[in-house]
Protein chains: 2
Amino acid sequence: MLRSDPDLAARCVSCTHLNSGFCAALFNACGEQSALPRLHQQFFTVRAGQQIKCQSEARDDVLVLCSGWAFRYIQLSDGGRQILRFLLPGDIFSPAAIFAKGMSFSAKALTQVQVSRLDGEEVRKQCRADELVMMEVFRSLGDNGRASYELITVLGQRPAERRIAHLLLSLMRRVAVDGVVQHHRYPFPLKQQHIADAIGLTSVHVSRVLALFRDRKILTISEGRLEVTDLAELERLAALN
Amino acid sequence: MLRSDPDLAARCVSCTHLNSGFCAALFNACGEQSALPRLHQQFFTVRAGQQIKCQSEARDDVLVLCSGWAFRYIQLSDGGRQILRFLLPGDIFSPAAIFAKGMSFSAKALTQVQVSRLDGEEVRKQCRADELVMMEVFRSLGDNGRASYELITVLGQRPAERRIAHLLLSLMRRVAVDGVVQHHRYPFPLKQQHIADAIGLTSVHVSRVLALFRDRKILTISEGRLEVTDLAELERLAALN
DNA sequence: CGTCGGGTTGAAGATTGTCAATCGTAGTGG
DNA sequence: CCACTACGATTGACAATCTTCAACCCGACG
């Protein structure tokens, strides 16, 4: 599961996640001009479906997703699983764990992923030294908090159709931030079971709703891609006000 | 709705919320021994049911609940309302808003409440000056994040009975932290409509489930009090693993 | 060629919502 | 003291939503 790869670091330098956000601030702060020490990081890859970080692991590391998709989730003993958040390149696996006690969720790779492991103490040092790095942590925490509250609202107040619409639209928007998207076609590696676990439905019901969306010419999911044909209707369904 | 009250400050000094958490750290840091300037704060009271802070209000303040109960919520245009979190004395209304852009929720008083208003810039200054104050902000953020993820899991994976059990048990535990609780009787100012809005059910269904709990001798809610008669069963229902 | 994972579909049932009536309690004004 | 009202809780009947179980399909892959 863990693998050392010297080439990976070089490849990751050009990853999209370095163009913005936490890592950009972090590595800017540690650039040549800076008096700060260069940041030490390890890279590793995880295959699709494999666990990345589980609740029991108590290492003081900060993991950042470099490429691929992953998700945070909570596994219930009765077999149920709640997906809490999908992670895209640039996302910190557990931003709250940088400064406070970690939260009790696990993470899994959705596709094959590359992950950067930073030392917790070094990151905290950088946060204290550079206001911008700290602000990126707060931005990440804020985004996660906002997303959590939206998800709570959707789960509590919306029927299946609108839950799915909301999930798909939020993912689309996040994907569109750094990837060029053509003809309303988005990369979409989720299985219907992932959708189901993310919004508290069964995969059977997800299948039915997606069939409806297809019939109504709103969107189609096939071959790992999501194609939106009626964005206005999708937005209407996903709206939270 | 807003009211200046010179006596309130004196009264609030002995409030339970000062015995622990954010405010304790904040005022310790600003004590006589400290070189830091004394913190400026205003107090105001809000009657039960009144709004405290709405989405449009863009003031850079930090509000802390001094006494009474309140809640964060999102109001939907179709009449639905999702309660995101109940607030008890000592809770910050929007900890994420101290350092990042605020989140779009509103807050309402559940009982009559006393609120302390601190200046955002002063609070940030204290955070930078005193590690302990900063840690309290992170603790607050962490607690809120953990609670959000628990709520998401409960909403997504649990039926009505277990959702209600989870909500009641979490509230009990928070109430029990600083209040002395006798004979498993807890102050409980929520109406059934609040329970319903917090866990995504109708008040009608909440009524049915509470009737069931009464029949099964698990707990009883009456006259603003919650009395638990079978804690083991309640914990079993509320368990999240 | 068999198998396996993921998706689709149908039928039946469980859970929860909607609508509406009723009840008790607290307040309010005459 | 008594109507009158308002609010919250309760209950019944019925409907909508979603789950469960099962069968089947289909493409990938050994």
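Every chain is numbered from 1, with letters handed out A, B, ... down the list of sequences.
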> Atom NZ of Lys191(B) to atom P of dA6(D): distance rounded to whole Å?
Replying inline: 18 Å
>> Whether Ser207(A) contacts dT8(C) is assessed here as follows: a side-chain N or O lying under 4.0 Å from the phosphate OP1 or OP2. Is that the case?
In response: yes
>> Categorize Gly200(A) for me: base, sugar-phosphate, or nothing, with a 4.0 angstrom heavy-atom threshold over every strand shown.
In response: sugar-phosphate
> Roughly how many Å is it from CZ in Phe213(B) to C1' in dT10(D), rounded to a whole number?
Replying inline: 17 Å
> For Glu161(A) and dA16(D), what is the distance between atoms CD and C1' respectively, to the nearest whole Å?
Replying inline: 13 Å
> Between dT8(C), dA9(D), dT9(C), which nucleotide gets closest to the side-chain atoms of Val204(A)?
Replying inline: dT9(C)
>> Rounding to an integer number of Å, can you tell me how far Gln192(A) CD sits from dG6(C) P?
In response: 11 Å
> Between Ser67(A) and Gln114(A), does any side-chain donor sit less than 3.5 Å from a side-chain acceptor?
Replying inline: yes
> Within this structure, what is the CG-to-P distance between Leu190(A) and dG6(C), rounded to whole angstrom?
Replying inline: 13 Å
>> Which nucleotide wins on minimum distance to the side chain of Arg208(B), given the candidates dT11(D), dT9(C), dT19(D)?
In response: dT11(D)
> What distance do Phe188(A) atom CZ and Leu190(A) atom CG have between them, rounded to the nearest 0.5 Å?
Replying inline: 3.5 Å
> CD1 of Ile195(A) versus P of dT19(D): gap in Å, rounded?
Replying inline: 14 Å
> What does Leu201(A) touch in the nucleic acid at a heavy-atom separation under 4.0 angstrom: a base, only the sugar-phosphate, or nothing?
Replying inline: sugar-phosphate
> How long is the line joining CD of Gln157(B) and C1' of dT15(C), in whole Å?
Replying inline: 16 Å
> To the side chain of Ala211(B), which of dT11(D), dT16(C), dT8(C) is closest?
Replying inline: dT11(D)
> Under 4.0 angstrom, heavy atoms only, what part of the nucleic acid is Arg163(B) near: base, sugar-phosphate, or nothing?
Replying inline: nothing
>> I need the NE2-C1' distance between His205(B) and dG12(D), as an integer number of Å.
In response: 15 Å
>> On a heavy-atom basis, which atom in Arg72(B) and which in Phe93(B) lie closest, and how many Å separate them?
In response: NE-O, 2.7 Å
> With the threshold set at 4.0 Å, does a side-chain nitrogen-carboxylate oxygen contact exist between Asp78(A) and Arg158(B)?
Replying inline: yes
>> Between Arg174(B) and Asp143(B), does any side-chain N to carboxylate O distance fall below 4.0 Å?
In response: no
> Under 4.0 angstrom, heavy atoms only, what part of the nucleic acid is Arg158(B) near: base, sugar-phosphate, or nothing?
Replying inline: nothing
> If you pin Val209(A) and Arg214(B) to their nearest nucleotides in DNA chain D, which one's is more 5'?
Replying inline: Arg214(B)
